[in-house]
Amino acid sequence: MPELPEAETIARQLRDEVLGKTIVRVRAFEARCVRTHGSTREFEQACRGSLITEIRRRGKQIVLTLDASRSLVVRLGMSGRLLVGNPRDARPQHAHIVFSLSSGLELRYIDPRTFGHLSVRSGTELSRLPGFEKLGPEPLSDDLDERELRRRLSRTRSILAVALMNQRIVAGIGKIYSDEICFHARLNPLMPAHSVSLLQARRLLAAMRRVLESAIEHRGTTAADGSYVDLYGRPGGYQKFLAAYQRAGEPCLRCSTSIARVALSNGRGIHFCPKCQRFP
DNA sequence: AGTTGGACCTGACTGC
DNA sequence: TGCAGTCAGGTCCAAC
């Protein structure tokens with residue numbers, strides 16, 4: 001499932017493939033994937049003929065600037081993929097939106113579960129786009145230091161794992177990297193977020209940067225379900241380095257204790273080492 | 001207002 | 001073998 005490193009990987013590849021190209025044709029086949037628009041037709045018209053002038057990432061979202069005046073926001077949800085392909089290929093299954101580009105290539109949005117969606121918004125200032133206003137700081141930017149992280153965590157009653165996945169507290173972290181960051185920071189993901197000390201916030205921030213930067217270097221994580229692939233359809237490489245996520249019952253890489261899985265009230269699992277991430 | 005939990009959705013997997 | 005049931009989780013929204 002695409003989190004910050006996966007979105008960053010795709011954004012970087014999009015800069016190579018589609019930046020400076022014009023969208024000559026758009027076909028949207030699934031209204032759910034453009035649900036912020038009145039119709040698939042309206043979405044197609046909003047994109048058609050536009051020059052892609054800039055490509056950015058904010059949190060888990062990818063933003064393509066159109067004609068230096070509008071923003072095409074891509075939210076991949078759980079199973080969304082962006083893939084470049086040859087127009088001679090048959091349309092892949094679940095390819096709900098197909099952009100034909102002036103380069104001759106196609107950019108396809110594929111999403112079996114249709115949790116993700118695309119939308120065109122007016123304006124290019126990210127902080128003013130709908131859904132972006134309340135997004136927390138980027139963990140890899142200077143906007144976030146240990147004091148700011150601690151301050152943000154101190155204002156919630158949630159447990160640490162839930163707070164890290166709260167996009168209003170920090171942008172871009174989901175289940176995989178929440179588990180990994182807590183492991184590397186040696187913090188128990190079930191501890192109350194508001195009790196994180198300044199020293200612990202420092203460890204958390206260091207782990208955040210190390211994990212996310214390394215995951216970007218390896219082009220993201222393709223977990224067992226194989227749902228994430230990059231723009232060229234290749235799986236990521238960071239799954240080889242996972243220390244906690246989906247390793248329940250396997251030995252901790254530090255102390256060999258069996259990795260635990262605790263289900264949150266919504267049934268979702270949190271993975272951690274009960275020994276080296278002991279409750280404080 | 002902050003937090004929780006169900007709904008959305010389908011492919012992959014499990015068990016009978 | 002086949003089919004029903006379960007799991008996966010990002011985000012929205014309703015209800016505490």
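Residue numbers begin at 1 in each chain, while the letters A, B, ... track the order of the sequences. Values in this document were obtained by computation on a predicted structure and should not be read as measured data. Atom set for the values below is all heavy atoms of this structure, side chains included, hydrogens, waters and symmetry mates excluded.
Atoms CD1 (A:Ile159) and P (B:dG2) sit 19 Å apart, rounded to a whole Å. To the nearest angstrom, P of B:dG5 lies 9 Å from CG of A:Leu264. Rounded to an integer number of Å, the gap from A:Ile169 CD1 to B:dA1 C1' is 14 Å. A:Arg81 has its CZ atom 12 Å from the P atom of B:dG11, to the nearest Å. For A:Gln246 and B:dA12, the CD to C1' distance is 12 Å, given to the nearest whole Å. The CG-P distance, from A:Asn166 to B:dT4, rounds to 11 Å in whole Å. Atom pair A:Tyr228:OH and B:dG11:C1' shows a separation of 20 Å (rounding to whole Å applied).
With A:Phe183 as the aromatic partner, A:Arg254 meets the cation-pi criteria of under 6.0 angstrom to the ring centre and within 45 degrees of the ring axis. In this structure, A:Arg278 forms no cation-pi arrangement with A:Phe272, as its terminal cationic atom is not both closer than 6.0 Å to the ring centre and no more than 45° off the ring axis.
Note: A:His96 and A:Tyr109 fail the aromatic proximity criterion, with ring centroids not under 6.0 Å apart.
Between A:Thr156 and B:dT3, a side-chain N or O to OP1/OP2 separation shorter than 4.0 Å is present.
Within a 6.0 Å sphere centred on CG of A:Asp16, heavy atoms belonging to other residues, nucleotides or ligands number more than 12.
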remark   = Quick tally for nucleotides 10-16 of chain C: nucleotides whose base has a protein heavy atom under 4.0 Å get B, sugar-phosphate-only ones S, the rest -, giving BBS----
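Contact between A:Leu126 and A:Arg58 at its shortest, heavy atoms only, is CD1-CB, 4.0 Å.
For A:Arg113, whose side chain is taken as the heavy atoms from C-beta onward, the closest listed nucleotide among B:dG11, B:dT3, B:dC9 is B:dC9.
Among the protein residues, A:Arg261 comes within range of the sugar-phosphate backbone only, with heavy atoms under 4.0 Å from sugar or phosphate atoms but none that close to a base.
Listed by chain and residue number, nothing satisfies the ring-ring contact (aromatic ring centres under 6.0 Å, His included) test with A:Tyr177 (two or more places apart in sequence, or in another chain).
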